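In this text the structure is predicted, and so the values were computed from the model without any measurement.
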Amino acid sequence: EAGVTQFPSHSVIEKGQTVTLRCDPISGHDNLYWYRRVMGKEIKFLLHFVKESKQDESGMPNNRFLAERTGGTYSTLKVQPAELEDSGVYFCASSLLMLEGTEAFFGQGTRLTVV
Amino acid sequence: AQSVTQLDSHVSVSEGTPVLLRCNYSSSYSPSLFWYVQHPNKGLQLLLKYTSAATLVKGINGFEAEFKKSETSFHLTKPSAHMSDAAEYFCVVSVNTGFQKLVFGTGTRLLVSP
């Protein structure tokens, strides 16, 4: 069974450009999460989808970030326009249940570098 | 608010010696706690989790952790380090919002020398 997959694995873009990250969760997992780790800091929650609906987007840093999950399958995270401070590793995770204590399965992450 | 503190950013051990990675948590209730590991160029992998059952939790690859409420700790241990254990380890607490929302520690990089 395939795990959580993220594309691309690396992306280098210039400040002001747009980047779209993609996440394919484990098949059948209704819950999908985005997290990110900015340089040298801890991994932080961005948002949580239940199917195609946003359950919690309290961690989204600002309106330059747009997450979608059309059809409740894969998700995209768009950064537009990208700023230098957006550099970091973006992780996607999925889980079967949404209850506290449920195991979340993580992808390898997308390393975003904004220059 | 729930939080975790990983006391060491780096830990160095020799192969075959015990591993201790320290984690303290802050929570107003009995939390769900996890340890995740990230090997180079790999995703985050769950090592073990505590969800108010047995206080001594056994995980994969010989790791275990003990939940100590009196000390608000959840330290990760392994009796004998292997070279393949070299990785970054994250102590994680689940926020009590009724659904899964994880708060990560800053990570501890484990270095294992021959």
Side-chain angles (χ1 to χ4, degrees), chain A residues 1-10 21 23-26 29-51 53-60 88-111, chain B residues 1-10 23-54 57 59-60 67 74 87-109:
Chain A
E1 179 182 329
V4 177
T5 53
Q6 294 186 243
F7 304 96
S9 56
H10 294 82
L21 314 181
C23 169
D24 286 73
I26 293 173
H29 283 194
D30 287 340
N31 296 277
L32 186 149
Y33 315 83
W34 285 97
Y35 289 80
R36 77 169 179 175
R37 189 180 195 187
V38 174
M39 301 287 277
K41 302 272 181 102
E42 64 270 28
I43 299 169
K44 287 194 173 180
F45 171 85
L46 294 178
L47 87 159
H48 170 203
F49 282 101
V50 179
K51 296 185 180 179
S53 299
K54 293 176 184 174
Q55 172 71 33
D56 180 356
E57 53 184 330
S58 61
M60 294 288 266
V89 181
Y90 290 76
F91 292 99
C92 176
S94 72
S95 67
L96 186 60
L97 303 175
M98 63 185 283
L99 297 174
E100 181 188 347
T102 301
E103 179 178 357
F105 295 84
F106 282 80
Q108 292 182 311
T110 293
R111 182 174 295 277
Chain B
Q2 287 77 29
S3 66
V4 287
T5 302
Q6 292 185 247
L7 299 161
D8 306 296
S9 59
H10 292 79
C23 173
N24 286 93
Y25 70 90
S26 173
S27 177
S28 56
Y29 68 104
S30 185
S32 295
L33 291 160
F34 308 79
W35 276 97
Y36 277 85
V37 61
Q38 185 180 24
H39 288 90
N41 301 317
K42 301 283 188 181
L44 292 158
Q45 180 184 22
L46 180 67
L47 272 180
L48 49 82
K49 69 176 182 179
Y50 167 77
T51 54
S52 75
V57 182
I60 62 172
F67 175 75
F74 190 58
E88 190 164 19
Y89 292 78
F90 297 92
C91 183
V92 183
V93 65
S94 183
V95 174
N96 183 27
T97 59
F99 59 88
Q100 185 67 290
K101 182 175 181 179
L102 303 177
V103 174
F104 283 75
T106 49
T108 298
R109 189 166 296 278

- Query: Minimum heavy-atom separation for A:Ser58 to B:Lys101, with atom names?
  - Reply: OG-NZ, 3.0 Å
- Give the minimum heavy-atom separation between A:Arg37 and B:Phe90, together with the two atoms involved. NH1-CZ, 3.4 Å
- Could you tell me whether the side chain of A:Tyr33 and the main chain of B:Leu102 form a donor-acceptor pair under 3.5 Å? no
- Task: Would you mind telling me which of B:Val92, B:Leu33, B:Thr106 has the largest number of heavy-atom pairs within less than 4.5 Å of chain A?
- Result: B:Thr106
- Look at the side chain of A:Gln108 and the backbone N and O of B:Asn41, then say whether any donor-acceptor pair between them is shorter than 3.5 Å. yes
- Query: From A:Glu103 CD over to B:Lys49 NZ, what is the distance, rounded to the nearest 0.5 angstrom?
  - Reply: 6.5 Å
- Side chain / backbone / both / neither for B:Tyr50 at chain A, heavy atoms under 4.5 Å: neither
- Does NZ in A:Lys54 sit with more than 12 non-hydrogen atoms of other residues, nucleotides or ligands closer than 6.0 Å? yes
- Query: What part of B:Gln38 gets closer than 4.5 Å to chain A, counting heavy atoms only: side chain, backbone, both or neither?
  - Reply: side chain
